[in-house]
Structure formats: C-alpha cells, structure tokens
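Quick notes on the structure that follows.
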There are 2 protein chains.
Amino acid sequence: MQTAVLKEVTIDNVIFGLDGNKLQILLVKHAIGESKGSWGLPGGRIGMNQDIDAAAAAALYDLTGARDLYLEQFRAFGRVDRARERVLTIAYYALVRPESCAIAPGESAEAVAWFDIKDVPPLIFDHREILDFGLAFLRHKIRHEPIGFNLLPDKFTLLQLQELYEGILDVSLDKPNFRRKMTKMNLLVSCNEKQQGVAHRAATLYRFDPAVYESLMEQGFVFVV
Amino acid sequence: MQTAVLKEVTIDNVIFGLDGNKLQILLVKHAIGESKGSWGLPGGRIGMNQDIDAAAAAALYDLTGARDLYLEQFRAFGRVDRARERVLTIAYYALVRPESCAIAPGESAEAVAWFDIKDVPPLIFDHREILDFGLAFLRHKIRHEPIGFNLLPDKFTLLQLQELYEGILDVSLDKPNFRRKMTKMNLLVSCNEKQQGVAHRAATLYRFDPAVYESLMEQGFVFVV
DNA sequence: CCAAAAGTGTTAGCGTTACACCCATGT
DNA sequence: ACATGGGTGTAACGCTAACACTTTTGG
C-alpha cells in the first residue's frame with residue numbers, strides 16, 4: 001500500500017428546507033473552475049486546524065448567515081477527478097428554516113437557489129449520488145428521531161407537522177390517527193395559544209422541547225413516526 | 001477558508017465476528033510508531049488511484065486473507081494528532097466468520113486478536129469512539145436489513161440466528177415468537193436437512209438467499225427484527 | 001350558510017407478548 | 001429416565017387503519 005497524497009478534502013452540504021409541504025434543497029451555481037455554470041451542492045474546504053464538523057458548520061454559515069442549524073455528517077465520498085487526482089469529500093446534511101436565513105452566494109458562486117426535491121437540475125461530479133444518499137438518510141432519520149422540528153417555526157400546528165412528514169416521506173397520512181399518535185407521545189408541549197387570522201377554526205400551537213424528549217428517553221421512550 | 005494539506009487519510013476497520021452468542025471484535029497490537037504496544041483498530045492507507053471502498057477491502061484482505069466480506073463505510077472521523085497534523089480516517093465495519101479466515105498480523109502489527117465486545121482493552125487515539133459508533137451502527141442496521149447472516153455459517157439453525165441477535169443487541173428473545181417471526185417472513189430457505197451429531201432433537205438447517213430477499217423487497221417487504 | 005380545517009369517537013383486525021405445552025434424541 | 005433443545009398452540013392486549021362524525025371560524 002502506498003501513501004496517498006490528496007489534492008484536497010472538501011465538505012459538501014445537502015441543505016434541506018421546507019416550503020409548505022414541499023421539501024426543498026439549496027444549490028449553488030458555480031462561477032469558476034471546470035464546473036462553471038453548473039449547479040452543485042454548496043461546500044467548502046477543511047481548514048488545517050479545524051474540526052471537520054466545524055468546517056461544515058462554517059461553510060453552512062457562509063452561505064446562509066445562520067448558526068446552530070441542525071447539521072450532521074452522513075458519509076464520505078471518494079472520486080478521482082478529471083486531472084486524475086483523488087478528491088475526497090465529506091458529506092453533511094442540514095435542516096434549515098428558509099425564512100430565517102439570508103442566503104448569499106459566496107465568492108465562487110454566481111447564484112444560489114432553492115429547488116423542489118422533485119425538480120432538481122443535473123448536478124456536477126457525483127453530487128446527485130450524494131444528494132440521493134443524503135435524502136435517504138434524512139428520510140430514515142426523521143422517522144426515528146425528532147429532528148423534523150428543525151424545519152418548522154418554533155410554534156407549529158399538528159397539521160404543519162403532518163404535512164412535513166407527508167412532504168419528506170412522500171406519503172399521505174390519516175389526520176385523526178396522526179394527531180393521536182403525536183399527542184399520545186407526550187413529546188409536544190402545548191403553547192396554550194391558537195393560530196391567528198386563519199379562515200377556519202384556529203389550531204392549537206405546539207412546540208418541541210428537547211428537555212422533554214430527554215426525560216422521555218430516560219424512561220425508554222423511542223420516537224417513531 | 002484555506003486549503004488543507006493532510007498528512008494522510010487512513011482507513012479504520014471495525015471487524016465483527018461471532019463466537020457462539022458473543023459478539024467479538026478484531027484488534028491489532030501496533031509494533032511501530034508512537035502507539036507501539038497498544039491495541040487499536042486495524043486499518044490501512046488509501047492508495048492514490050484507489051476507490052475508498054477498495055482500500056478498505058484491501059486492508060481487510062491483508063489482515064484476514066478473506067475477500068468478499070460484508071463491508072460498509074459508516075463515517076469519517078477527523079482529529080489533530082500529536083505532531084499537530086490533521087489526520088482523517090474513514091471508518092468501515094465488517095462482518096466476518098472467524099473460523100473461515102486466516103488472521104495474520106501485517107508488517108506493522110505484532111499481534112492480532114479477537115476480543116469480546118464487552119471486554120475491550122484501552123484503544124489508541126479515538127479508536128474507542130470509532131468502535132462505539134460502529135457498534136451502534138451495526139446494532140441498528142442488523143435490525144433493519146438481513147445482514148446478520150454474514151456472521152453465521154451458510155447453513156444455520158433458528159436458534160443460532162436467535163442467539164446472534166441476542167448477542168449483538170444484548171437482549172433476550174422469546175424462542176417461539178422469534179421462530180414464528182422468522183418463518184413467517186418467508187425469507188429463510190429450508191435446506192431440507194437436519195443438524196448432525198447433537199445431543200438433542202436435530203434442528204432444521206436454513207440458509208439465507210439474497211435472491212429471495214430481492215423478490216420480497218419488490219413486493220414491499222421490509223425486514224425488521 | 002358554506003368552506004375549510006380542528007378535533008373526537010368507534011370498530012375491526014392484525015401483530016406482539018407471554019407462557020403452557022408436547023416432541024425427538026443422545027447419554 | 002432425564003436433560004436439552006426443537007417445535008406448536010393459544011389467549012390477552014395494544015396498536016393501527018379506516019372512516020364517520022361534530023366543532024369552530026371567517027367570508
């Protein structure tokens with residue numbers, strides 16, 4: 001076995017957002033280099049003295065202006081690029097509230113935009129594979145851990161939550177049963193507050209409390225949708 | 001952001017085996033370098049023109065002499081080592097039948113041995129974290145995909161399979177219910193053969209057929225233990 | 001009043017759980 | 001005979017799926 005000398009190690013972020021009940025993904029159009037003019041996943045490089053998670057968070061901050069977003073590594077991908085140099089990329093997925101961040105193209109991008117997950121343009125390199133892998137990861141994870149709330153406002157209705165799952169998992173759910181399932185978990189905390197200015201009966205607003213989840217976990221509770 | 005120049009990118013393999021109903025892990029004792037004399041995960045480097053999966057498979061082959069083992073990447077880990085150089089490692093886990101491979105220490109190891117998962121010695125670097133992560137990954141995966149068979153002989157009894165799950169998940173299962181669950185899946189193929197030379201009623205031998213699993217999947221079947 | 005969404009109630013059926021029990025075989 | 005594991009039966013329970021129904025609100 002020989003020592004590898006890599007050209008570089010990069011970060012690729014699969015950034016998910018939600019528009020109503022439609023799952024969106026944030027892409028950038030590259031302004032320089034071999035892939036100029038094509039859409040791809042936003043990313044960055046890993047600084048020499050930087051934790052890889054920190055590098056991913058920094059790349060995410062540069063693009064969205066938001067910190068403390070839900071961000072998790074899901075896999076490393078290797079490929080040999082056009083110049084026959086090995087490129088290694090570590091892929092993360094993030095959950096973002098689109099309305100609460102100020103998207104700005106970085107130096108090397110000429111455009112940034114949200115795309116419906118069902119209408120993604122051709123992507124550079126192996127980014128389509130990375131996206132598909134990240135989406136599968138999200139679909140699995142969101143059913144087994146209460147992370148979906150990161151895509152919703154702090155206060156949300158049960159219907160919003162249901163539409164989130166319907167949008168991400170691409171299924172339709174029975175409203176009464178979904179409500180019962182959620183409320184029976186004792187995971188959601190009522191805000192004792194109602195929706196405002198809607199043209200129908202106002203729904204109760206709920207919030208997700210990580211502390212409640214912690215204490216339920218200690219009692220052996222397992223989140224499943 | 002600055003360009004990273006890594007000292008190296010390595011592979012770490014978390015290699016699982018089964019001894020009866022006890023989950024085992026394969027460790028090496030390092031013979032050279034800063035970690036001489038300590039136990040750690042076996043690994044290797046990534047060749048320049050090598051797929052990262054191939055690099056992991058090669059490292060596994062060097063150690064076990066076996067090919068085509070179950071091997072899957074689960075995560076990349078970054079750390080800054082003693083010389084303040086960044087080290088990046090990509091971690092894989094493998095499932096092995098201990099009796100069907102010839103373990104041999106490579107050049108840089110003075111010993112190789114199986115350890116009970118509940119009795120692992122202190123490990124170098126961040127290998128304990130990697131091991132824990134890999135174990136959690138295995139425990140999850142083995143419940144949702146039929147990969148456990150890679151730890152058993154081709155032909156096995158239902159009790160062996162049950163003990164596999166009990167050992168890996170560290171739970172005890174009800175025998176009648178486990179049997180029914182497995183047989184009702186129609187996933188296992190009877191070999192029309194019985195155990196030989198046992199001091200009790202001989203059990204039926206079964207095998208796992210990937211083709212059967214494929215066809216069940218097409219009908220929407222989902223494997224869960 | 002109507003539309004739209006919030007909520008509640010009810011039932012059949014399925015799967016899991018827990019445990020009792022009989023069967024076959026080598027020592 | 002007995003220990004050991006193979007293998008079957010069954011009843012209670014809880015959860016889910018499916019759908020009918022009532023309630024509240026703005027237009």
Side-chain angles (χ1 to χ4, degrees), chain A residues 18 20-22 143-144 146 152-153 155-167 169-207 216 219-225, chain B residues 18-22 142-144 146 152-153 155-167 169-207 216 219-225:
Chain A
L18 199 67
N21 61 354
K22 291 197 184 333
R143 295 193 52 207
H144 297 275
L152 294 177
K155 299 174 179 179
F156 52 85
T157 68
L158 291 178
L159 185 61
Q160 280 179 289
L161 189 60
Q162 180 182 339
E163 288 180 335
L164 179 151
Y165 282 104
E166 291 181 331
L169 301 177
D170 201 18
V171 295
S172 77
L173 303 169
D174 182 87
K175 185 171 61 157
N177 293 336
F178 182 84
R179 299 177 58 80
R180 261 189 294 263
K181 188 168 202 169
M182 281 297 154
T183 52
K184 271 187 70 175
M185 281 185 194
N186 290 318
L187 178 63
L188 299 180
V189 181
S190 167
C191 300
N192 296 313
E193 219 176 311
K194 299 279 179 182
Q195 275 181 314
Q196 298 294 326
V198 285
H200 53 77
R201 180 171 174 180
T204 302
L205 291 170
Y206 292 88
R207 64 191 168 80
L216 283 174
Q219 298 159 38
F221 167 76
V222 180
F223 179 87
V224 176
V225 173
Chain B
L18 199 67
D19 176 17
N21 61 355
K22 291 200 184 332
I142 208 166
R143 295 192 52 208
H144 297 276
L152 293 178
K155 299 174 178 180
F156 52 85
T157 69
L158 290 177
L159 184 61
Q160 280 178 290
L161 188 59
Q162 180 182 338
E163 287 180 336
L164 178 150
Y165 281 104
E166 291 179 332
L169 301 175
D170 200 17
V171 295
S172 75
L173 302 169
D174 181 87
K175 184 171 60 159
N177 293 336
F178 182 84
R179 297 178 57 81
R180 261 189 294 264
K181 188 167 201 168
M182 282 297 153
T183 51
K184 271 187 68 176
M185 278 185 195
N186 291 318
L187 178 62
L188 298 181
V189 181
S190 167
C191 301
N192 296 314
E193 220 176 309
K194 299 279 180 182
Q195 275 181 314
Q196 299 292 327
V198 285
H200 52 77
R201 178 174 175 180
T204 302
L205 292 171
Y206 292 88
R207 63 189 169 81
L216 283 173
Q219 298 159 39
F221 168 77
V222 180
F223 179 86
V224 177
V225 174

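Each chain gets a letter, A, B and so on, in the order the sequences are listed, and its residues count up from 1.
- The shortest non-hydrogen separation linking B/Met182 to B/Tyr165 is CE-CE1, 4.2 Å.
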Could you list all N or O pairs between the protein and nucleotides 6-10 of chain D that sit under 3.5 Å apart?
unit_1: D/dG6; atom_1: N7; unit_2: B/Lys175; atom_2: NZ; d: 2.7
unit_1: D/dG7; atom_1: OP1; unit_2: B/Thr204; atom_2: N; d: 3.3
unit_1: D/dG7; atom_1: OP1; unit_2: B/Thr204; atom_2: OG1; d: 3.0
unit_1: D/dG7; atom_1: OP2; unit_2: B/Arg179; atom_2: NH1; d: 3.4
unit_1: D/dG7; atom_1: OP2; unit_2: B/Arg179; atom_2: NH2; d: 3.4
unit_1: D/dG7; atom_1: O5'; unit_2: B/Arg179; atom_2: NH2; d: 3.1
unit_1: D/dG9; atom_1: N7; unit_2: B/Arg180; atom_2: NH1; d: 3.0
unit_1: D/dG9; atom_1: O6; unit_2: B/Arg180; atom_2: NH2; d: 2.9
unit_1: D/dT10; atom_1: O4; unit_2: B/Arg180; atom_2: NH2; d: 3.1

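- Rounded to an integer number of Å, the gap from CG of A/Leu205 to P of C/dG7 is 9 Å.
- Atom C1' of nucleotide C/dA6 and atom CE of A/Met182 are separated by 17 Å, given to the nearest angstrom.
- The two residues A/His144 and A/Val224 make their nearest non-hydrogen contact at ND1-CG2, 4.3 Å.
- Distance NZ (B/Lys181) to P (C/dC14): 18 Å, rounded to an integer number of Å.
- At whole-Å resolution of the value, CG in A/Asn21 and C1' in C/dA5 are 15 Å apart.
- Rounded to whole Å, atom C1' of C/dG7 lies 17 Å from atom NZ of A/Lys184.
- Taking both residues in full, the closest heavy atoms of A/Val225 and A/Lys181 are given as C-NZ, 3.7 Å, listed atom of the first, atom of the second, then distance.
- The only option from B/Lys175, B/Arg179, B/Glu163 that meets the side-chain contact (heavy atoms from CB on, under 4.5 Å) definition with B/Leu158 turns out to be B/Arg179.
- Partners of B/Phe156 under the ring pair (Phe, Tyr, Trp, His ring centres under 6.0 Å) rule, at least two apart in sequence or in another chain, are B/Phe149.
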With a 3.5 Å cut-off and sequence neighbours excluded, list the donor-acceptor pairs that the side chains of residues 187-195 of chain B form with protein atoms.
unit_1: B/Ser190; atom_1: OG; unit_2: B/Asn192; atom_2: N; d: 3.0
unit_1: B/Glu193; atom_1: OE1; unit_2: B/Lys155; atom_2: NZ; d: 2.8
unit_1: B/Glu193; atom_1: OE2; unit_2: B/Lys155; atom_2: NZ; d: 3.3
unit_1: B/Lys194; atom_1: NZ; unit_2: B/Thr204; atom_2: OG1; d: 3.1
unit_1: B/Gln195; atom_1: OE1; unit_2: B/Ala203; atom_2: N; d: 3.1

